[in-house]
There are 2 protein chains.
Amino acid sequence: MTASTPKGERRRHALIEAAAGLLDEGGFDAVGHRAVAERAGLPLAATTYYFRSLDELVAAAVEHHARAELGRGWARLAELAVQPQDDESAVELVLDALIGPATAGAEQVVLRYERFVVAARRPWLGPVMRELRTELDALLMGALSQAGHPVEADELERLVAVVDGAVVNALIEAAPDPRAAGRRMLLRSL
Amino acid sequence: MTASTPKGERRRHALIEAAAGLLDEGGFDAVGHRAVAERAGLPLAATTYYFRSLDELVAAAVEHHARAELGRGWARLAELAVQPQDDESAVELVLDALIGPATAGAEQVVLRYERFVVAARRPWLGPVMRELRTELDALLMGALSQAGHPVEADELERLVAVVDGAVVNALIEAAPDPRAAGRRMLLRSL
DNA sequence: CCTATTCCGGTACGAATGTACCATAAAACA
DNA sequence: TGTTTTATGGTACATTCGTACCGGAATAGG
C-alpha cells in the first residue's frame, strides 16, 4: 500500500501526478486504474499495489491537484510584489485563486465544483476538502491584503460565496464565461 | 423514438418518471437503462425503444424532475396566500425554491449543483437548463414579491449567487447543513 | 379478413471497469 | 551466501454498461 523504498515512493508519486492530470483534464470520471497507469508509464498492477483502492488514489490526486494549484497561487502572489491597490486588481487576484488564472482551461473551473458535489456523496473526501479550503482561505486573505483590501473571515466567506454562486450559475451559459460572471458579481459586492 | 399511441406515450412517461426518481435519489450516475426499466416495471428494451440514447432519457428526466419541483414551488406559494411580510419569511421562501423545502433529502441539494457541473460538460443539457433557470427566476421573484420584498432581476441574480455559493461550500462540512448556510448568508445580504 | 406497419421484449454482444491472482525479480536482512 | 520479505507486472475474472438484434405480438389500413 504505502511505499517504503525511494523508488517505490517515486512510482507512487508518479501515479498520483498522473491521476491529478487526468482529474484536471477530464474530471473524476477520467480517473481509472488503466488510464492512470498508462499516463504514468507504469503497469496496471502498480496502481493496485500502491493504493488499496481507486478511491484512495483519487483522494490523493485531489489533494495533490489542489495543493499544486495553491502553490501556483502563492507563487503568482509573490511575483506581483508590487500590486496596484485598487479594487479591480483585488478582484482579479480573488478570481485567480478561486477558479484559476484566466489562462487556465474551462475544465479546471468545472472541477472545482465537481469536487464539492463528489465530496458531498463520498464523505471520506470531506477531511481533505476542508483542509484545502482552509489553505485556500489563507491564500485569499493574503491576496486581498496585498491588494490593499484586507477582510475579516466573515467577509471573506461572503465574497467566496458570491463568486462561487455566480460562477456555478454561469456554467450552463451557451458561451460560458464564468470568470466574467464572477468578476461582475464580485465588483458589485465589494 | 417518440411514441405515437396513447399507451406508448404512457410507457414513455413512466420511463421518464422512473429516471427522474433515480436522478433524485442517486444523481446522474444512478440513471442507467436497467435501473430505469426495473423501476418503471418495464423491460430493458423499452428504454432503448422510446429513447434514441441514454443521454436523451437523462435530458428528459432532468427536465421532468425540475418542472415537478417548480410546480411544487408554485403550489407552496399558493397555499401560503397570506404570508408574513418579514425578511425571515422571504429567506425561507427563497431557500425552498432554490434547494427545496426543509423536509427534502440532502440528495436533492447535491443534485442542483451536479446539474450545473454535468451541463458544463454536456452542452446539449444547456438549453433545458437555461429554460429551467428562467422559470426558477420567475418563481423566486413571485416568492419575494409575496413576502413583501420584491426585487429587480439584477438583485435576484445576486441573491441566487449568494445562496448557491454558500450552499455549495457547505456540502463538504462534516455535518452538512446547507440550508442553514444559505439562510445565514442570505440574511446577511438582504 | 388480410396484410403491413408498429410495438414489444428476451437475449446477446462488445467494451470497459475494479480488483484479485501468482509466478518472477529484486532487495533486505541473516 | 542463503533466506525471507517486498516489489513487479502480465493476466484473468466477475460485473456492469450502452446498445443492437430479431422473432413474435399487437394494431392499423385496405
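Below, chains carry the letters A, B, ... as their sequence lines are ordered, and counting in each starts from 1. Not measured: the values here are computed from a predicted model.
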Nearest-nucleotide check on DNA chain D, A/Pro43 vs B/Ser53; residue mapping nearer the 5' end is A/Pro43
Using a 4.0 Å heavy-atom cut-off across all strands, classify B/Leu44 as base, sugar-phosphate, or nothing. base
In whole Å, I'd like the distance from the CZ atom of B/Arg52 to the P atom of D/dG18. 18 Å
Is any side-chain nitrogen or oxygen of B/His33 closer than 4.0 Å to OP1 or OP2 of D/dC17? no
Quickly work out the A/Phe51 CZ to C/dA20 P distance and round it to whole Å. 16 Å
Could you tell me how far apart B/Arg12 (CZ) and C/dC7 (C1') are, to the nearest whole angstrom? 15 Å
Any Lys/Arg nitrogen of B/Glu157 or A/Arg184 sitting under 4.0 Å from an Asp/Glu carboxylate oxygen of the other? yes
I'd like to know if the side chain of A/Asp137 pairs up with that of A/Thr134 as donor and acceptor (distance under 3.5 Å, no hydrogens or angles considered). no
What integer distance in Å separates A/Leu54:CG from C/dA16:P? 17 Å
Would the number of heavy atoms belonging to other residues, nucleotides or ligands and lying under 6.0 Å from CD of B/Glu38 be above 12? no
How close or far is atom C1' of D/dT19 from atom CG of B/Leu57, stated in whole angstroms? 13 Å
What is the separation between atom CG on B/Leu42 and atom P on C/dC7, rounded to the nearest whole Å? 15 Å
Phosphate OP1/OP2 of C/dC8: any B/Tyr49 side-chain N/O under 4.0 Å: no
Spacing of A/Arg34 atom CZ relative to C/dT19 atom P, expressed in whole Å: 11 Å
Under a 4.5 Å side-chain heavy-atom rule over Ile, Leu, Val, Met, Phe, Trp and Tyr, are A/Leu77 and A/Leu70 clustered together? yes
Specify the separation, in whole Å, of atom CG of B/Asp29 and atom P of D/dT15. 21 Å
Counting just side-chain N and O atoms, does B/Arg11 come under 4.0 Å of either OP1 or OP2 of C/dC8? yes
